[in-house]
**Q** 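Here's a structure for you.
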Amino acid sequence: GAGVSQTPSNKVTEKGKYVELRCDPISGHTALYWYRQSLGQGPEFLIYFQGTGAADDSGLPNDRFFAVRPEGSVSTLKIQRTERGDSAVYLCASSLTWTGSTDTQYFGPGTRLTVL
Amino acid sequence: EDKVVQSPLSLVVHEGDTVTLNCNYEVTNFRSLLWYKQEKKAPTFLFMLTSSGIEKKSGRLSSILDKKELFSILNITATQTGDSAIYLCAVEAPSSIQGAQKLVFGQGTRLTINP
């Protein structure tokens, strides 16, 4: 079946602009995660959704970052007043359940964000 | 603070060699350890390990976990150029909220296989 998809694959924007990054999880997966990967580093956790609600947003770096998942499927990561330090690959992952049992997270191809 | 450290950060070998990649971790609430392969952007799942001493194997790749010494290794035998990638180790570290299974990743090991 289809995997996790993310759009756009690349986004170039100017400092101070607003951007939206979209994630389509695997159909039927209730848990959705956003990670950020800077050059030469492993992915860092940003936020986790169980269904429509943000169950853990402890990884969001500041209040310029916000994410929604209004219908429990597609999620959008929103970044206001972008800064050059926001440049990174933003990865989305989904897993089947959230019930506390170990469940594999499957990753999308990511969106490479470049802030000029 | 939860921490995952991988070594080496970079490794260059010749096709046919065997390699061992290391992952050491310190986390408060350990649930599982995962290995991913990242060739371009999307990390692809390799193994999930939850119990000490039980080897997981898939073709030329194998991995084992030691929960007492807090490390895991990933072995690749008879390496091929297609094995060139970044190998990421991640530990599942539940948050204070029940069921939130965020992953804490290491920096990754960049493996290059030369023909």
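A, B, ... follow the sequence lines: proteins, then strands. Residue 1 opens every chain.
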**Q** What part of L88(B) gets within 4.5 angstrom of chain A, counting heavy atoms only: side chain, backbone, both, or neither?
**A** side chain

**Q** Using 0.5 Å steps for rounding, measure from the OG atom of S62(B) to the CH2 atom of W35(B).
**A**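 Rounded to the nearest 0.5 Å, the OG-CH2 separation comes out at 11.0 Å.
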
**Q** If you count heavy-atom pairs under 4.5 Å with chain B, which of Q6(A), E44(A), Q37(A), R112(A) comes out on top?
**A**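 Top option by heavy-atom pairs under 4.5 Å: Q37(A).
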
**Q** Would you kindly say whether Y48(A) and Q105(A) are connected by a side-chain donor-acceptor distance under 3.5 Å?
**A**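 Q105(A) and Y48(A) do not have a side-chain donor-acceptor pair below 3.5 Å.
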
**Q** G110(A), G108(A), P43(A), P109(A): which one forms the most heavy-atom pairs within less than 4.5 Å of chain B?
**A**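 With the most close heavy-atom pairs to chain B, the winner is P43(A).
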
**Q** So which part of Q6(B) gets closer than 4.5 Å to some heavy atom of chain A, the side chain, the backbone, both or neither?
**A**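 No part of it gets close to chain A.
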
**Q** Can you tell which of K15(A), K17(A), R64(A) makes a salt bridge (Lys or Arg N to Asp or Glu O under 4.0 Å) with E83(A)?
**A**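 When salt bridge (Lys or Arg N to Asp or Glu O under 4.0 Å) is applied between E83(A) and each of K15(A), K17(A), R64(A), only R64(A) qualifies.
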
**Q** Could you tell me if N75(B) and T20(B) have a donor-acceptor pair between their side chains, going purely by distance under 3.5 Å?
**A** yes

